[in-house]
Amino acid sequence: MPELPEVETVRRGLAEHVVGRRVERVEVGRLRVVRRTSAEALVDGLSGCVVLAADRRGKYLRLPLDSGEELMVHLRMSGQLLVAPRGAVRPPHTHVAMILDDGSELWFVDPRTFGEVVVFDPADVEAVVPELARLGIDPIADRFERDDLRAILRRSPRRALKPLLLDQHVIAGIGNIYADEILHRARLRPDRPASSLDRRRVGELHRAIVAVLGEAIAAGGSTLGDAQYVDLMGDGGSYQDEHRVYGRGGERCSTCGRGWIQRVVTGGRGTHFCGVCQR
DNA sequence: AAACAAACCTGTGCGC
DNA sequence: TGCGCACAGGTTTGTT
């Protein structure tokens, strides 16, 4: 569920409400969300520590601690981070509660339990969270130029654009909603091979990536009908109102006014595009 | 190399 | 109203 814009919105909330706070106590409910290590490792690694910063790489949140270790949170499909006053009634599926020194609590809530919370020593990143070390370029957090994208496309010439955008080892942070929205903005079909883009179209795709993600961040991300994504304070985003294709299968294309939005399934993911203005 | 399916889970919405 | 099925923002693993 949460993609780069949603995770970035959560990160900003953490920077405002959690950075600088000391974790006084940690409670772990379901062990599945701490499966990477253990409940003891999380409790021992967090208790008494001050959160120094809130960083993000792709969809991964990384919070350095004053112990030299780092807290990593991935929300996967249905995870939420929420802050609330100490003692407030916790929602169902609250699997981790961190009691902070300012009278608040930080909760990790996740019905599907795909998400996870782990504290690790950055020196052991390869052993504990190897995927973190293999993330591709972050189009917002890193300097991401048109030539970076050109190099990426040249590296996998036969690959279709959408799977390439979704590959976290290549570009980190784009998920199913924003891949579809970006390709629509760039007027490119999702199944188009990477090698088929000339210099001008590479530039258009680069601009679409930066613009769509930037606008989505400005809107606080996308909150769909089930309201599963909310920010740290429990508020939804508004970028879903600006979706041109995602979730709009069967509607007329609002960009060209001529085509209808098609929904097909590729790689098990719903893919939405306009067959008229996306080529 | 790359496309695909299945797996991990729970909740929701839809057709009948 | 109730039941069963399809489907969901992600990622890994194993198979063609």
Side-chain angles (χ1 to χ4, degrees), chain A residues 1-11 29-36 56-61 72-81 91-95 108-118 128-136 138 152-182 190-196 212-213 216-217 219-231 236-243 245-250 263-272:
Chain A
M1 138 199 180
E3 306 180 27
L4 189 153
E6 291 76 31
V7 178
E8 173 63 16
T9 303
V10 171
R11 186 200 70 75
R30 281 190 66 165
L31 297 180
R32 195 176 132 71
V33 304
V34 294
R35 60 194 176 279
R36 177 91 53 161
R56 180 193 57 75
R57 303 293 306 172
K59 302 168 193 169
Y60 293 75
L61 287 164
M72 188 280 276
V73 178
H74 198 301
L75 304 173
R76 284 300 211 284
M77 291 288 269
S78 58
Q80 298 177 341
L81 282 172
H93 309 292
T94 302
H95 305 308
F108 177 77
V109 179
D110 187 1
R112 294 175 76 178
T113 65
F114 290 175
E116 58 174 322
V117 182
V118 60
V128 185
V129 269
E131 67 270 35
L132 213 43
R134 301 201 181 98
L135 281 180
D138 185 302
I152 285 165
L153 297 172
R154 282 186 172 174
R155 221 179 295 145
S156 308
R158 307 190 64 96
R159 222 166 158 193
L161 290 177
K162 175 158 178 179
L164 199 53
L165 291 180
L166 286 175
D167 188 338
Q168 304 299 301
H169 307 291
V170 175
I171 302 177
I174 298 172
N176 206 38
I177 294 177
Y178 296 104
D180 284 359
E181 293 299 322
I182 285 165
D191 58 354
R192 189 165 163 156
S195 62
S196 70
V212 167
L213 294 177
I217 291 168
S222 301
T223 296
L224 304 184
D226 56 13
Q228 273 199 63
Y229 163 70
V230 291
D231 67 14
S238 64
Y239 194 72
Q240 67 281 358
D241 298 336
E242 295 173 56
H243 291 177
V245 288
Y246 184 85
R248 298 194 183 280
R263 183 183 186 277
V264 299
V265 177
T266 10
R269 319 296 303 275
T271 294
H272 316 71

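Protein chains get the first letters and strands the later ones, always in sequence-line order, with residue 1 at the start of each.
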Please report the distance, rounded to the nearest Å, between CD in A:E6 and P in C:dA8.
17 Å

For the side chain of A:E3 and the backbone of A:Y178, is there at least one donor-acceptor N/O pair under 3.5 Å apart?
yes

For a 4.5 angstrom cut-off between non-hydrogen side-chain atoms, does A:T113 reach A:R76?
no

Work out how far the P atom of C:dA6 is from that of B:dA5, and round it to whole angstrom.
14 Å

Rounded to the nearest angstrom, tell me the gap between atom CG in A:L153 and atom P in B:dA1.
17 Å

Over all strands shown, is A:Y246 touching base, sugar-phosphate only, or nothing at heavy-atom distances under 4.0 angstrom?
sugar-phosphate

Is it true that the side chains of A:T271 and A:K162 contain a donor and an acceptor less than 3.5 Å apart?
yes

Separation of A:D110 atom CG from B:dC9 atom P, in whole Å?
12 Å

Heavy-atom distance under 4.5 Å between the side chains of A:E6 and A:S222, does that happen here?
yes

Ion pair A:E131/A:R134, N-O distance below 4.0 Å:
no

Return the value, rounded to whole Å, for the distance between atom CZ of A:R159 and atom P of B:dA1.
11 Å

Please test A:I171 against A:L164 for side-chain contact (heavy atoms from CB on, under 4.5 Å), starting from the C-alpha separation and ending with a verdict.
CA-CA 8 Å; A:I171 302 177; A:L164 199 53; over 6 Å; no

Do A:R192 side-chain atoms and A:A194 backbone N/O form a donor-acceptor pair below 3.5 Å?
no

Between B:dA6 and C:dC5, how far is it from one P atom to the other, in whole Å?
16 Å

Dot-bracket, DNA chain B: Watson-Crick or G-U, under 3.5 angstrom, [ ] crossing, | other strand?
.|||||||.|||||||

Measure from CG on A:D180 to P on C:dG10 and round the result to the nearest Å.
10 Å

Interatomic distance where CZ belongs to A:R158 and C1' belongs to B:dA3 [whole Å]:
13 Å

When rounded to the nearest Å, what value does the distance between P atoms of B:dC9 and C:dG4 take?
22 Å

A:L61 and A:L81: CA distance, side-chain angles, deciding distance, side-chain contact (heavy atoms from CB on, under 4.5 Å) verdict:
CA-CA 11 Å; A:L61 287 164; A:L81 282 172; 3.7 Å; yes

With a 3.5 Å distance limit and no angle check, can you tell me whether A:D110 reaches the backbone of A:H95 through a side-chain donor-acceptor pair?
no

Does A:E181 reach the main-chain N or O of A:A179 with its side chain, forming a donor-acceptor pair under 3.5 Å?
no

Need to verify one output field. Residue with the more 5' nearest nucleotide on DNA chain B, A:S156 or A:G268?
A:S156

Out of B:dT10, C:dC7, B:dA2, which nucleotide sits closest to the side chain of A:H93?
B:dT10

Among B:dC9, C:dA8, B:dA2, the nucleotide that comes nearest once only the side chain of A:R32 is considered
B:dC9

Counting primed atoms plus P, OP1 and OP2 as sugar-phosphate and everything else as base, spell out the protein contacts along nucleotides 11-16 of chain C at 4.0 Å heavy-atom distance: B, S or - for each nucleotide, 5' to 3'.
BS----

Distance-only donor-acceptor test, A:R112 side-chain atoms vs C:dA8 base atoms, 3.5 Å
yes

First encountered from the 5' end of DNA chain B, between A:R155 and A:G225:
A:R155

From CD of A:E3 across to P of C:dA8 the rounded distance in Å is 13 Å

